[in-house]
K.L.:
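Right, I'll just put the structure down here and ask away after.
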Amino acid sequence: MSGLKVLPSGRPGRGRLYVNGSDGHAVAWYDRRTNRISVLADDQRAAVLAALRPYLSGDWTIGPPPVPTPAELLRLTLPPDRDLAPNRPGETLLGELAYGSPGSRARHRMRQELQARQRIGAEFDALEEEDWRALHDVPLQGLGMLDHLLIGPPGVFAVRTVPGRRQRAQVGDLLLTVGRAEPRPDPRWIRRAAARAARALTAQVTPVLALADASRVDVAPTVRDILVLQPATAAAVLTAAPATLKLPDVEALFTLARTHPTWSTP
């Protein structure tokens with residue numbers, strides 16, 4: 001077959017390369033993560049290989065498209081209004097700032113919360129290249145909104161974001177204090193949120209407190225079950241953790257977590 005065009009999809013260097021015919025329809029694709037070429041018709045194999053030859057590297061394989069996994073089938077049939085994956089960091093705060101109460105103090109606090117979630121969320125989204133998946137603004141019935149849910153090779157992490165406001169933050173067993181502000185019950189809340197997420201996903205979930213822009217973070221030595229992160233070191237800490245999940249497990253948990261009904265039961 002002549003006239004084949006190779007078109008990229010997804011993140012540069014990470015997504016698929018699609019081979020399209022002259023009519024614009026795909027006849028094959030090359031998944032650079034698995035190094036596999038999927039051909040829709042075997043009689044087009046030679047032409048597809050010729051078109052993809054400049055892009056191939058390592059030990060690649062070729063054959064018909066793989067059978068979709070149950071997780072992939074669930075993702076393909078998921079209605080858009082029940083999919084949490086498109087949520088941006090601080091999605092609900094964006095709506096409240098645009099259409100909510102005009103009170104200046106409340107809006108200032110919301111802007112601080114939004115900036116903290118966006119900064120931490122950007123660090124988590126950047127981990128996608130390392131086979132991590134992140135969800136933002138996950139609704140937990142009876143508890144409110146979980147800022148971030150992170151799924152990667154080391155496991156599942158439920159994340160509560162706290163604005164540091166360039167002040168000293170102190171994390172205790174039950175309370176978290178930023179500067180001279182009133183102590184917040186974030187440690188207790190994130191433990192409950194992680195337990196709720198663990199029940200929903202049937203997987204172990206680590207509670208995480210992420211402090212954005214704190215001048216200093218002091219963690220009580222008795223706090224052993226909560227991971228405390230800061231933006232500058234979050235990626236390094238997470239990627240250095242030992243792997244417990246394979247990529248298919250990460251994808252299956254992510255597909256379950258992105259489905260809104262997963263979180264509809266208390």
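The analysis underlying the following values was restricted to heavy atoms, covering all of them including side chains, and did not include hydrogens, waters or symmetry mates. Numbers for residues simply follow the sequence, beginning at 1. Since the structure is predicted, the reported quantities are computational estimates derived from the model, not experimental observations.
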K.L.:
Roughly how far, to the nearest 0.5 Å, is CG of Leu135 from CG of Asp147?
P.N.:
12.5 Å
K.L.:
Side chains of Leu7 and Leu17: does their closest heavy-atom pair fall under 4.5 Å?
P.N.:
no
K.L.:
Quick check: are there more than 12 heavy atoms from other residues, nucleotides or ligands sitting under 6.0 Å from CG of Asp59?
P.N.:
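Check fails, neighbour count at 12 or below.
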K.L.:
Report yes or no: do Phe157 and Val217 belong to one cluster of Ile/Leu/Val/Met/Phe/Trp/Tyr joined by side chain heavy-atom distances under 4.5 Å?
P.N.:
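No.
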K.L.:
Would a distance-only check, ignoring hydrogens and angles, find a side-chain to backbone donor-acceptor pair under 3.5 Å from Thr161 to Arg117?
P.N.:
no
K.L.:
Have Tyr18 and Arg16 got a donor and an acceptor in their side chains that come within less than 3.5 Å?
P.N.:
yes
K.L.:
Between the side chain of Glu91 and the main-chain N/O of Arg88, is any donor-acceptor distance below 3.5 Å?
P.N.:
yes
K.L.:
Check the surroundings of atom CD in Gln141: do more than 12 heavy atoms from other residues, nucleotides or ligands lie under 6.0 Å from it?
P.N.:
yes
K.L.:
When you measure from the side chain of Ser264 to the backbone of His260, do you find a donor-acceptor pair of N or O atoms at a distance under 3.5 Å?
P.N.:
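No, the answer is negative, given that no donor and acceptor are paired below the 3.5 Å cut-off.
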K.L.:
What do you reckon, is CZ of Arg192 surrounded by more than 12 foreign heavy atoms closer than 6.0 Å?
P.N.:
no
K.L.:
State, yes or no, whether a side-chain contact exists between Arg191 and Asp225 at a heavy-atom distance under 4.5 Å.
P.N.:
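They are in contact (side-chain heavy atoms under 4.5 Å apart), so the answer is yes.
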K.L.:
Do other residues, nucleotides or ligands put more than 12 heavy atoms under 6.0 Å from Arg199 CZ?
P.N.:
yes
K.L.:
For the pair Asp186 and Arg188, find out whether any cationic side-chain nitrogen is under 4.0 Å from an anionic carboxylate oxygen.
P.N.:
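No salt bridge links Asp186 with Arg188.
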K.L.:
Taking atom CG of Leu149 and atom CZ of Arg258, what is their separation to the nearest 0.5 Å?
P.N.:
13.0 Å
K.L.:
Considering only heavy atoms from C-beta outward, does the side chain of Val171 approach that of Leu209 to under 4.5 Å?
P.N.:
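Answer yes - side chains close enough.
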K.L.:
Given Leu150, which partner from the list Leu127, Ile120, Thr206 fulfils the side-chain contact (heavy atoms from CB on, under 4.5 Å) test?
P.N.:
Leu127
K.L.:
Answer yes or no: is there a side-chain heavy-atom contact under 4.5 Å between Ser38 and Pro64?
P.N.:
no
K.L.:
Output yes when a side-chain donor or acceptor of Asn20 lies under 3.5 Å from a complementary backbone atom of Leu4, and no otherwise.
P.N.:
no
K.L.:
When rounded to the nearest 0.5 angstrom, what is the spacing between CD in Glu96 and CG in Leu114?
P.N.:
10.5 Å
K.L.:
Between Thr262 and Ala257 (side chain of the first, backbone of the second, donor and acceptor by atom type, cut-off under 3.5 Å), is there such a pair?
P.N.:
no
K.L.:
Transitively linked via ILVMFWY side-chain contacts under 4.5 Å: Trp189 with Val228?
P.N.:
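Trp189 clusters together with Val228.
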K.L.:
Could you check whether Asp213 pairs with Arg166 (Lys NZ or Arg NE/NH1/NH2 to Asp/Glu carboxylate O, under 4.0 Å)?
P.N.:
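Not counted as a salt bridge, because no side-chain N and carboxylate O are separated by less than 4.0 Å.
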K.L.:
Assess whether a salt bridge exists between Asp31 and Arg36, defined as any Lys/Arg side-chain N lying under 4.0 Å from an Asp/Glu carboxylate O.
P.N.:
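Between Arg36 and Asp31 there is no salt bridge, as every charged N stays at least 4.0 Å from the carboxylate O atoms.
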K.L.:
Between the side chain of Trp132 and the main-chain N/O of Ala126, is any donor-acceptor distance below 3.5 Å?
P.N.:
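Here the side-chain-to-backbone pair does not exist.
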K.L.:
Begin from the C-alpha positions of Asp125 and His136 and carry the test side-chain hydrogen bond (donor to acceptor under 3.5 Å, both in side chains) through to its verdict.
P.N.:
CA-CA 10 Å; Asp125 287 338; His136 311 289; 2.9 Å; yes
K.L.:
To the nearest 0.5 Å, tell me how far Leu146 CG sits from Asp137 CG.
P.N.:
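Those atoms lie 8.5 Å apart.
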K.L.:
Taking 4.0 angstrom as the limit, do Glu113 and Arg184 come out as a salt bridge?
P.N.:
yes
K.L.:
Cluster question for you: counting only ILVMFWY and a side-chain heavy-atom cut-off of under 4.5 Å, with indirect links fine, are Val250 and Val205 together?
P.N.:
yes
K.L.:
Check whether any side-chain heavy atom of Pro187 lies under 4.5 Å from a side-chain heavy atom of Asp173, and answer yes or no.
P.N.:
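Result no, sub-4.5 Å side-chain heavy-atom pair not found.
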K.L.:
Is it true that Lys246 and Asp249 make a salt bridge, defined as a side-chain N closer than 4.0 Å to a carboxylate O?
P.N.:
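So Lys246 does not pair with Asp249 through a salt bridge.
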